[in-house]
Novice: 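Structure in structure tokens, see below.
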Amino acid sequence: MDGISKRLFERAQSLIPGGVNSPVRACRNVDSLPLFIAKAHGCRLTDVDHREYIDFVLSWGPMILGHAEASVSEAMHGAVRRGTSYGAPCPDEVALAQEICEALPGVEMTRMVNSGTEAAMSALRLARAVTGRDKVVKFIGCYHGHADPFLAAAGSGVATFSIPGTPGIPGTVTADTLLLSYNNADAARQCFAAHGKNIAAVIVEPVAANMGLVPPVAGFLETLRDITATYGAILIFDEVITGFRAAYGGAQTRFAIDPDLTVLGKIIGGGLPVGAFGGKKCYMKQVAPGGKVYQAGTLSGNPLAMAAGLATLRMLKTLDYNALEKRTRDFAGELGHILRAKGVPAQTPSLASMFGIFFRDGEIRDFNDAEQCDQQLFTMFYKQMRAQGIYLAPSAFETGMVSFAHSEDDFAAALDAARFVKFD
Ligand SMILES: *Cc1c(COP(=O)(O)O)cnc(C)c1O
């Protein structure tokens, strides 16, 4: 049935490490093989074996308008004909920067890069430069791309002791990364009481979407805003997922918190490789060439990518986020009912156009809670949904994504598939 995907994957494994260009795509967590995709349109993917899927991954977030949306495609076609890279400024860079600055209250100036990883790495460099401090507070289970300082793992028991999370990173690098539990305001206060004078920045996903979906509890983000201000540290919101998704103006608009720096990616590239970091002018002006903090990129502000991002944001501005949020909430709620009616513990939180699937009871506030979900149940669910044409993220720790292209029929089809799933 998956004949061509299977053969491609076999070839890929001898040419590309693990056969994939980003690890989670290999589907190892769910004991499956990856599907090779031939094309995508709206909320549907078609694999190389001509099977069609309703897509709840959406390239991990960027495709909030659905795939191959007409206005975005048209903008890109136009850009292709004008040449795809100049290594010099182009008009759409200014237009996209303006859309971003107008949408996000915390962003007065922004610099384009090529990925979320680059954006987070550059924001941290800037925070360290402007504070003259080295330490960064990160929350366990939050993902900020794969730059060295963010790939820290929790060391033995002590909350603030961290070790490299992968070979290849010197312990001296992650020694400056302080790890705390998400949603634990007290731990953040204690950490600042002990290390405050040495902390350059706190980086946080304002809605955690890389440990399943874990919204912030009341007061958590406010506490981070208060203590960073008190101690003269920089508050960095990583809005790579939540930017233009938690609300058009991101989680900072939704929760009315004004971060010093913001990290963006995914949606702002409209499906092309784009990231951006931005923030208050007093900080951003210190980025080269105006300031001394070096940061650069051969393809940054790429005209094709800018055209895709700009067309995406302009279309999004005209759409009804509240309606999409309601559709997502209804869908996730019904999915939860269906699963629990089968006698398995299941929670399906949602926020804006994101949803989580946790196979466990009890409150989920941080990574430790998320980790206790039943991964075997998730794997059974994933496989049976995929066999019925429903494409979910191949990990219990990713967030489900909904687009403006998902119709009532698409949600109904996904719920019908869930009704057929068996857990025995
Ligand atoms: C995806 C993601 C990143 C990394 O972005 P890349 O473009 O994959 O480098 C950073 N932060 C968050 C919150 C993300 O979800």
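One-based numbering, in listed order, for ligands and for the atoms of each.
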Novice: For residues Thr228 and Arg225, is any side-chain donor paired with an opposing acceptor at under 3.5 Å?
Specialist: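 Their side chains do contain a donor-acceptor pair, which is all the 3.5 Å distance test asks for.
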Novice: Just by distance, do the side chain of Glu118 and the backbone of Asn114 share a donor-acceptor pair under 3.5 Å?
Specialist: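 Answer holds: yes.
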Novice: Among all protein heavy atoms in this structure, tell me which lies nearest to atom 14 (C) of ligand 1, with the distance rounded to 0.1 Å.
Specialist: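 It is Lys266 NZ, 3.0 Å.
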Novice: Judged on heavy-atom distance to atom 8 (O) of ligand 1, which of Val113, Asn114, Thr117 sits nearest?
Specialist: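 Going through Val113, Asn114, Thr117 one by one, Thr117 has the nearest heavy atom to atom 8 (O) of ligand 1.
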Novice: I'd like to check which ligand 1 atoms, numbered from 1 as shown, lie under 4.0 Å from a non-hydrogen atom of Ser115.
Specialist: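 Result: 7 (O), 9 (O).
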Novice: I'd like to check which ligand 1 atoms, numbered from 1 as shown, lie under 4.0 Å from a non-hydrogen atom of Ile241.
Specialist: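 Matching atoms, with element in brackets: 15 (O).
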Novice: Considering only heavy atoms of Gly116, which atoms of ligand 1 have at least one such atom less than 4.0 Å away?
Specialist: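 It comes down to these atoms of ligand 1: 4 (C), 5 (O), 6 (P), 7 (O), 9 (O).
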Novice: Keeping His406 on the side-chain end and Ser403 on the backbone end, is there a donor-acceptor pair under 3.5 Å?
Specialist: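 Judged by distance alone, yes, a pair lies under 3.5 Å.
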Novice: Under 3.5 Å, is there a donor-acceptor pair between the Thr223 and Asp226 side chains?
Specialist: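 Judged by distance alone, the side chains do not pair up.
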Novice: Examine the proximity of ligand 1 to Glu205 and report which part, side chain or backbone, both or neither, has a heavy atom under 4.0 Å away.
Specialist: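 Glu205 to ligand 1: side-chain contact only, backbone stays beyond 4.0 Å.
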Novice: Can you check whether Val240 has an N/O within less than 3.5 Å of an N/O in ligand 1?
Specialist: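 It does not: no N or O of Val240 is found under 3.5 Å from an N or O of ligand 1.
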Novice: Is the shortest side-chain N to carboxylate O distance from Glu325 to Arg254 below 4.0 Å?
Specialist: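 Looking at Glu325 and Arg254, the cut-off is met.
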Novice: Have a look at ligand 1 and work out which part of Val263, if any, has a heavy atom under 4.0 Å from it: side chain, backbone, both or neither.
Specialist: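 Contact part for Val263 vs ligand 1: neither.
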Novice: Among all protein non-hydrogen atoms, which one is nearest to atom 13 (C) of ligand 1, and what is the separation to 0.1 Å?
Specialist: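 Protein heavy atom with the smallest distance to atom 13 (C) of ligand 1: Tyr143 O, 3.2 Å.
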Novice: Hey, which of Asn302, Leu264, Leu96 is the one that makes side-chain contact (heavy atoms from CB on, under 4.5 Å) with Met112?
Specialist: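 For Met112, the side-chain contact (heavy atoms from CB on, under 4.5 Å) check succeeds only for Leu96.
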Novice: Can you find an N or O of His144 that's nearer than 3.5 Å to an N or O of ligand 1?
Specialist: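 No, no N or O pair falls under 3.5 Å.
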Novice: Need the ligand 1 atom indices (1-based, order shown) with element for anything under 4.0 Å from a heavy-atom of Asp238.
Specialist: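 Listed by number with element, the hits are 10 (C), 11 (N), 12 (C), 13 (C).
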Novice: Between Thr262 and Gln252, do the side chains contain a donor N or O and an acceptor N or O under 3.5 Å apart?
Specialist: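 Yes, a side-chain donor-acceptor pair sits under 3.5 Å.
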Novice: Within the side chain of Asp366, is there an N or O that forms a donor-acceptor pair under 3.5 Å with the backbone of Asn368?
Specialist: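 It does hold such a pair.
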